[in-house]
Structures are given as structure tokens and as C-alpha cells.
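Let me give you the structure first, and then I'll get to my questions.
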Amino acid sequence: MSKGLPKRSENYSEWYNELVKRADLAENSAVRGCMVIKPYGYSIWEKMQRALDDMFKETGHTNAYFPLFVPKSLFEAEEKNAEGFAKECAVVTHYRLKSDPNNPGKLIVDPEAKLEEELIVRPTSEAIIWNTYKNWVQSHRDLPILINQWANVVRWEMRTRMFLRTAEFLWQEGHTAHATEKEAMDETKQMLDVYATFVEEWMSLPVIKGFKSANERFAGAEETLCIEAMMQDGKALQAGTSHFLGQNFAKAFDVKFQNKEGKLEHVWGTSWGVSTRLMGALIMAHSDDLGLVLPPKLAPFQVVIIPIPNKELEPDAFKIALKPVIDKLKSFGISVKYDDNENYKPGWKFAEYELKGVPIRMAIGMRDLQAGQIEVARRDTLTKETRPLEGVASYVRDLLDEIQSAIYQKAFKFRQENMFKIDTWAEFEAQIEKGGFLLCHWDGSSETEEKIKDLTKATIRCIPLDAVLEEGKCILTGNPSTKRVVFARAY
RNA sequence: CGGGGUGUAGCGUAGCCCGGUAUCGCGUCUGCUUUGGGAGCAGAAGGUCGUCAGUUCGAAUCUGGCCACCCCGACCA
């Protein structure tokens, strides 16, 4: 392992790419745009999954699984949805290979094994799911349907980046069906809140909740709600979306129910998802030039203990002295790695665990051992202090909580310092180059948004739910506006 | 998909212009000494030079196709 990462200040995207690889989160694979998520990275994803899944269950959802493939005729049923995703679909056309008669040992696609109907590898599952719901819903008593699925999807992106945009990615997609518009809208908002809570409390990352503008809305949705987070380079990252689908999919797939009055109605739908992109957010939001900084709640292990060997000591001296501490930590539910591998020197381990973002490192040498103490170092602040072994476990437990909130506070402060109320176009153009979220008035038209995007690469990240009503003039056109929206360059 | 760049041992690289037995560092293996911030010494292993084709007596080097990755655009519900 060579020393040192690229500096964030010098090349942010190179820093990100290197960090993903060096911290053992993921690597590129033999397949274009598809990554291998390595064990250390996957452990973080599993912790995210666990927390989210618990939250979905608490809000009444259950998991199910639908097919990877969507017959083309189903895929095209909801026109806007189909059109929105058409350009990035992988399509299965054949079901068999055979030996190449002209090239021994090689295979060719058997031209006689052409599918009657092409299968689309799901870029999202609304089509196959709503087609299924059609058979599940007859009466208002069959509603609501509250289902989530953990799955992989494929979107054939032109340009990919590990975690942020890969051709295949892992996600969850919730798909719900309701009897009333209000119930569906409440569900849409509820799941946005679940996402916001998760990202803020588990990932220690503050988000802005809001509506997407029409330009940025999910294809096939009536309304898209989202949470937007700020990365350390001042760019925005969409961390999750929750869509109010209206009756669009119910109409496209003919999903009707008989209401209490005996009348037939189309059901109301929602869908919502977060993906492995959250990993990208986690990495970019907190990490520094030494490596990852992980919030304790998502770290694969929260504490690493490094004994510093000394020939004058009994080989098991550290293990014996530390056993009560480790047992105590484990009894608090804290995950601990005791690293007494003698192939690496302490300095190497310090650097390695900093790279991997382990929240707390404890180191103990002969001097400490004799004094009955241990060094406790925080990854987030890089500060160290020496604590008595007695009571150190509960100190560490509290410190983990403190780190969890300190990381949040740091990210929150950064975001506050990089959000600007902008009222003139000149200021807008100047500030967008420096990054950050620009709170501006906007006249509400797609044309204006498009023009601003062409001029500055900035898009409307969201129209905040808590936007204050105030008189103002559109940043570009000067037309009247009633509230500020968030403009930023985005991942 | 357009413009630019890169591809040589597990990783990072020199060599390429000007064709002739492949360089260095990290890592790995063995041994000894070490261990409080990426250890030292000694020895060793490890290569279809991205891939396919062409030119040539001879190709990492020249030519062309393809593939992958990186940067800048376009694209990204």
C-alpha cells in the first residue's frame, strides 16, 4: 500500500476515486460501468440496509421480490416512464448460446434462439409491479399495498463513477397502492421523512427536503419529493426520492378497486428509493485527506485496539489486561477489532485504520499497561487522550455517540457556510463557480430552469418544503416569484 | 456518443519518439533483528508489455481495429 491519498483541495474527484479503492470499499470489474463492492464496503451497505429495513417495517411495509426482467409490452405501458428510461435500458433478445462453428472453443448467440418478445432488464420496477398489483386489487379491502423490494437495477449510463453512478446498482424500491389521493400523498411524505431521518441520524448528514421541479421529476410521477445533501466540494447529491404517482400507473395497468359505495376507481400509487449511491454520499460528505471518516452507527467496526508489542512483556500480557475492557465494550453492543497482527508495525496500523475510517482507535504499549491506562484516539478530530483502563469502556461508548453527532454538526456547519441567498444574476454566476447551494427566486418555468442549466450547469435541486413565502423576482428573468428554491451543481 | 489521455508483475511506474534478451519502487515469500506514527538488512519468486490483426529477420516500441479506465463535453427519471 503506497502512502498518501491525493488531496481534496487539489483534485476532489481523484481523491474520491482513490479513496474508494484504497479504503477497500469497491473496485472496477471486468464489466463496463459495473463495480465489485468489496467486503469492507459491503458491510457498510449492509448496515444501511438493516437500519432502513427496520424503519420500513416500523412504518408497516413488508418485503417482496419481483422479476429482474420486464417484458417490453409491459415496460412501454406507462408512456412517460418508458420514454424517460428508454435510452438507458439493457435488453435481452436471445436465450441461448452455441459453439461457433468457425471458431472452436468460442460461443456465439444462437440466432434461432431469439425471444418472441424482448425482455428489458429493469431500470426500475414500476411496470412489472403494477402489472402484478392489477391481479391483487379488487376491493378497497385489498388496500393499501405496502411493499418494498431490495434489488439490483441496470441503467446503461454513459459515464459512470463508483457508487455515484454505476450501470448496475443496488437499491430498495418501495411500491405502494392506496385508495385515496391523500393517503398516497401522506405515504410519499412519510417515506421522505424516513429517508431524511436515516441520512441525518445514521449517516450524520444533514439534508434539505423538497419537491423536484417538473424538469427533474421522475418519469411517470405527478410529484417527486427528494432529499438533497451537500458534498465537501459544494456540489449537491440527491440522496433519496419519494414519488407520488397519482393514478398514472393504475391507469396504465388498469388497477381498479371497488370503493365502499361500490363504485370502481383507479388506485393511487407511490414509489420511493435509495441506492448504493448513499455510499458515495457517505464517503464524500465526511472523509478527509487521510481517508474515510465513518459515522459510528455505520462503521463495520467501531473501535480498533492496537497493542504495541514489547519484548520485555509476556506475550499475552495485553490480551489478559484488555479482556475485561473488550468484554465490556461488547456488552454495550460496540463492535471491536483487536489487532495484534505482528506482521505490521503500529504506525502502519494507525495509518491503515485512519484510511478505513474506524471511529475510535485505542492503542496500548508497555508504559500504558504498567500505568493501567490506554490511549484513545478519535478519527473525526484526530485528537488523542490517555484514559485509565478502569471505566474506559463506558467512556468509549459515550464518545461514539459524541462522534456521531460531531460529524453531523461539522457537516451541518459546512452546509450553512455554503448556502447563500442570491438576488442578482451576476452574483449567481460568480457564486456557482465556487460551489454551494444558492437560494434564489425562480419564476417557476421549465424554460428558465433549462436556460440557467445551459448557462451555468446548475439545476434546481429542490423547492424546499419549508420554504418561506416571500415576494421576489426570478434570478434570471425578473418575473415574480413567491419563494426561494435551491440551485446547485449536482452529482 | 464527440474531444483529449492512459493501459508494461498484485499496485504504482521507466522504456516507446529513434524496433534488437523489460527498469525501478511498493507489496509478496524466506531468514534474522525490530515494534509508541506507514521498520532495517540479506536472499528469492513473480511478466502472453490491454487485446486482435498487420508491417518486419525481429514489435512493449511502428500501423490499424477492438476493449477497458481517467479527464472535458453531451447524457443522467
Side-chain angles (χ1 to χ4, degrees), chain A residues 1-6 11-14 16-18 21-22 24 27-35 78-89 103 106 122-127 153 155-162 164-167 169 173 212-224 226 237-238 241-243 245 248 271-273 275 277 290-291 306-313 315 318 339-355 361-371 373-375 377 382 384 386 453-454 457 459 489-491:
Chain A
M1 181 85 49
S2 55
K3 289 183 179 183
L5 283 168
N11 190 336
Y12 193 80
S13 75
E14 196 189 337
Y16 174 83
N17 290 333
E18 279 296 304
K21 281 185 255 180
R22 298 236 206 132
D24 248 352
E27 63 186 35
N28 281 313
S29 71
V31 189
R32 176 192 200 120
C34 297
M35 64 179 168
E78 209 296 326
E79 266 180 63
K80 283 189 180 147
N81 185 251
E83 197 186 307
F85 285 103
K87 285 171 292 184
E88 45 188 308
C89 285
N103 212 341
K106 304 285 183 184
R122 62 182 169 212
T124 180
S125 301
E126 275 78 6
V153 289
R155 297 181 187 180
W156 213 265
E157 301 286 355
M158 301 279 189
R159 228 174 120 183
T160 59
R161 292 189 71 189
M162 282 194 280
L164 298 174
R165 181 172 293 113
T166 45
F169 56 92
E173 45 183 330
K212 281 293 186 196
S213 64
N215 285 6
E216 301 278 323
R217 195 175 289 152
F218 177 75
E222 292 288 305
E223 202 67 80
T224 288
C226 65
L237 188 130
Q238 176 179 296
T241 47
S242 183
H243 315 292
L245 302 176
N248 293 344
S271 67
W272 28 274
S275 70
R277 185 178 231 212
L290 292 176
I306 301 172
I308 297 155
N310 189 297
K311 299 213 91 170
E312 294 171 33
L313 288 170
F318 291 112
D339 185 355
D340 59 355
N341 182 341
E342 292 191 18
N343 293 323
Y344 297 103
K345 289 185 63 169
W348 188 92
K349 293 178 185 175
F350 293 174
E352 179 67 9
Y353 292 116
E354 277 160 8
L355 181 61
R361 177 188 76 230
M362 297 167 82
I364 184 166
M366 184 173 71
R367 294 197 302 269
D368 288 320
L369 189 67
Q370 285 165 351
Q373 61 191 27
I374 190 162
E375 182 187 85
L382 298 168
K384 299 185 243 191
T386 301
K453 186 180 176 184
D454 289 344
K457 288 190 257 176
T459 50
R489 288 184 181 157
Y491 279 100

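First the proteins, then the strands, lettered A, B, ... as listed; each starts at 1. These numbers were taken from a predicted model, which means no experiment stands behind them. Note: hydrogens, waters and symmetry copies are ignored here, and every other heavy atom, side chains too, is used.
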- Task: Using the P atom on both, measure B/rA60 against B/rC17 and round to a whole Å.
- Result: 12 Å

- Are any of A/R159's side-chain N or O atoms less than 4.0 Å away from OP1 or OP2 of B/rC69? no

- Query: Of all the nucleotides listed (B/rU35, B/rC69, B/rC75), which has the minimum atom distance to the side chain of A/M158?
  - Reply: B/rC75

- Message: When you measure from the side-chain N and O atoms of A/Y344 to the phosphate of B/rU28, is any distance below 4.0 Å, counting only OP1 and OP2?
- Response: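 Yes, because at least one side-chain N or O of A/Y344 sits under 4.0 Å from OP1 or OP2 of B/rU28.
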
- Just call it for A/N81: base, sugar-phosphate, or nothing, with non-hydrogen atoms closer than 4.0 Å on any strand. nothing

- Note on the structure: Atom CG of A/N343 and atom P of B/rU28 are separated, to the nearest Å, by 8 Å

- What distance do A/T166 atom OG1 and A/E157 atom CD have between them, rounded to the nearest 0.5 Å?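 CD of A/E157 is found 8.5 Å from OG1 of A/T166.
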
- Could you state the atom-to-atom distance from CD of A/E14 to C1' of B/rC70 in whole Å? 9 Å

- Message: Using atom P in both nucleotides, what's the gap between B/rA59 and B/rG19 to the nearest angstrom?
- Response: 13 Å

- Query: So what does A/E18 hit on the nucleic acid, given a heavy-atom distance under 4.0 Å: a base, only sugar-phosphate, or nothing?
  - Reply: nothing

- For atom NZ of A/K21 and atom C1' of B/rA68, their distance in whole Å: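 Result: 12 Å.
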
- Task: Can you figure out which of B/rG37, B/rU35, B/rC69 approaches the side chain of A/R32 most closely?
- Result: B/rC69

- Message: Closest-nucleotide mapping onto RNA chain B: is A/G33 or A/L382 further toward the 5' terminus? I mean the 5' end.
- Response: A/L382

- Message: Does the structure show a Watson-Crick or G-U wobble partner for B/rU48, both distances under 3.5 Å? Name it, or say none.
- Response: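 Its partner: none found.
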
- Task: Report yes if a side-chain nitrogen or oxygen of A/S13 is closer than 4.0 Å to either non-bridging phosphate oxygen (OP1 or OP2) of B/rC70; otherwise report no.
- Result: no

- Message: Check the phosphate of B/rU33 against A/K311, side-chain N and O only, distance under 4.0 Å to OP1 or OP2. Yes or no?
- Response: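 Answer is no, no contact under 4.0 Å.
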
- Message: On RNA chain B, does the nearest nucleotide to A/R161 precede the nearest nucleotide to A/P309 from the 5' side, or the other way round? Give the residue.
- Response: A/P309

- Message: For the C1' atoms, the ones on B/rA9 and on B/rA44, what distance do you get once it is rounded to whole angstrom?
- Response: 15 Å

- Would you kindly give the CD-to-P distance between A/E342 and B/rA39, to the nearest whole Å? 15 Å

- In whole angstrom, what separates A/D454's CG from B/rC75's C1'? 13 Å

- Test side-chain hydrogen bond (donor to acceptor under 3.5 Å, both in side chains), reference A/N248, set A/E79, A/H243, A/K80, A/E222, output is A/E222

- Examine the base of B/rG37 for any acceptor or donor lying under 3.5 Å from a partner atom in the side chain of A/E375, and report the outcome as yes or no.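 There is none.
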
- Task: Counting heavy atoms from C-beta on, name the nucleotide in B/rC76, B/rC69, B/rG38 closest to the side chain of A/W348.
- Result: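 Given the options B/rC76, B/rC69, B/rG38, the side chain of A/W348 is closest to B/rG38.
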
- Which nucleotide, B/rU35, B/rC76, B/rG38, lies nearest any side-chain atom of A/E88?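 The answer is B/rC76, which lies nearest to the side chain.
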
- Query: On a whole-Å scale, what distance lies between the P atoms belonging to B/rA42 and B/rU48?
  - Reply: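 Here B/rA42 and B/rU48 have their P atoms 29 Å from each other.
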
- May I ask which nucleotide in the shown strands pairs with B/rU63, Watson-Crick or G-U wobble, both distances under 3.5 Å? B/rA53

- Item | Integer angstrom distance from the P of B/rC76 to that of B/rG4 | 24 Å

- Query: What nucleotide among B/rG73, B/rC70, B/rC76 has an atom nearest to a side-chain atom of A/K457?
  - Reply: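 Taking heavy atoms from C-beta onward, the closest nucleotide is B/rG73.
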
- Task: Would you check if the side chain of A/D339 reaches a backbone N or O of A/I306 as a donor-acceptor pair within less than 3.5 Å?
- Result: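 It does not hold such a pair.
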
- Message: Any strand counts, and the cut-off is 3.5 Å on both contacts for Watson-Crick or G-U wobble. Which nucleotide pairs with B/rG25?
- Response: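 B/rC11 is the nucleotide pairing with B/rG25.
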
- With sugar-phosphate meaning primed atoms plus P, OP1 and OP2, does A/E83 contact a base, only sugar-phosphate, or nothing at under 4.0 Å between heavy atoms? nothing

- Task: Quote, to the nearest angstrom, the P distance that separates B/rG37 from B/rU33.
- Result: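 Straight-line distance between the two P atoms is 22 Å.
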
- Touch class at under 4.0 angstrom, heavy-atom based, for A/A219 against every strand present: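 It contacts sugar-phosphate atoms only.
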
- Distance test, side-chain N/O of A/R367 to OP1/OP2 of B/rG36, below 4.0 Å: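 No, no such contact exists.
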
- Task: Would you kindly say whether A/E126 and A/N81 are connected by a side-chain donor-acceptor distance under 3.5 Å?
- Result: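 Per modelled atom types, A/E126 and A/N81 side chains form no pair under 3.5 Å.
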
- Sidechain N-carboxylate O distance under 4.0 Å for A/E354, A/R361: yes

- Item | Nearest-Å distance once atom C1' is located in both B/rC29 and B/rU21 |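 One C1' to the other, the span is 26 Å.
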
- Rounded off to whole Å, could you give me the CD-to-C1' distance for the A/E157 and B/rC70 pair? 18 Å

- Item | Whole-Å gap separating P (B/rC11) and CG (A/L5) |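 Going from A/L5 (CG) to B/rC11 (P), I get 18 Å.
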
- Task: Determine: side-chain N/O of A/N11 to OP1/OP2 of B/rC71, distance under 4.0 Å, yes or no.
- Result: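 Indeed not, no polar side-chain atom of A/N11 lies that close.
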
- Under 3.5 Å donor-acceptor, A/K384 side chain and A/M362 backbone: no

- Item | Pair partner, B/rG2 [Watson-Crick or wobble, under 3.5 Å] | B/rC72

- Query: In whole Å, what separates the P atom of B/rU61 from that of B/rG20?
  - Reply: 10 Å

- Applying a 3.5 Å limit to both distances, which nucleotide forms a Watson-Crick or G-U wobble pair with B/rG38? none

- Message: Using whole Å, what does the distance between atom P of nucleotide B/rA68 and atom CE of A/M162 come to?
- Response: 16 Å

- Message: Should the side chain of A/N310 and the base of B/rG36 be counted as holding a donor-acceptor pair, with the cut-off at 3.5 Å?
- Response: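 No.
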
- Message: Can you tell me if A/K87 touches the phosphate of B/rC76, counting only side-chain N or O atoms and a distance under 4.0 Å to OP1 or OP2?
- Response: yes

- Query: Out of A/R277, A/R165, A/Q238, which one pairs with A/Y491 under the side-chain contact (heavy atoms from CB on, under 4.5 Å) rule?
  - Reply: A/R277

- Message: Could you check whether any side-chain N or O of A/Y353 sits under 3.5 Å from a backbone N or O of A/W348, counting only pairs where one atom can act as donor and the other as acceptor?
- Response: no

- Item | base_contact_polar (B/rG37 base, A/K384 side chain, donor-acceptor, <3.5 Å) | yes

- Item | Flag for A/S125-A/E173: side-chain donor and acceptor within less than 3.5 Å | yes

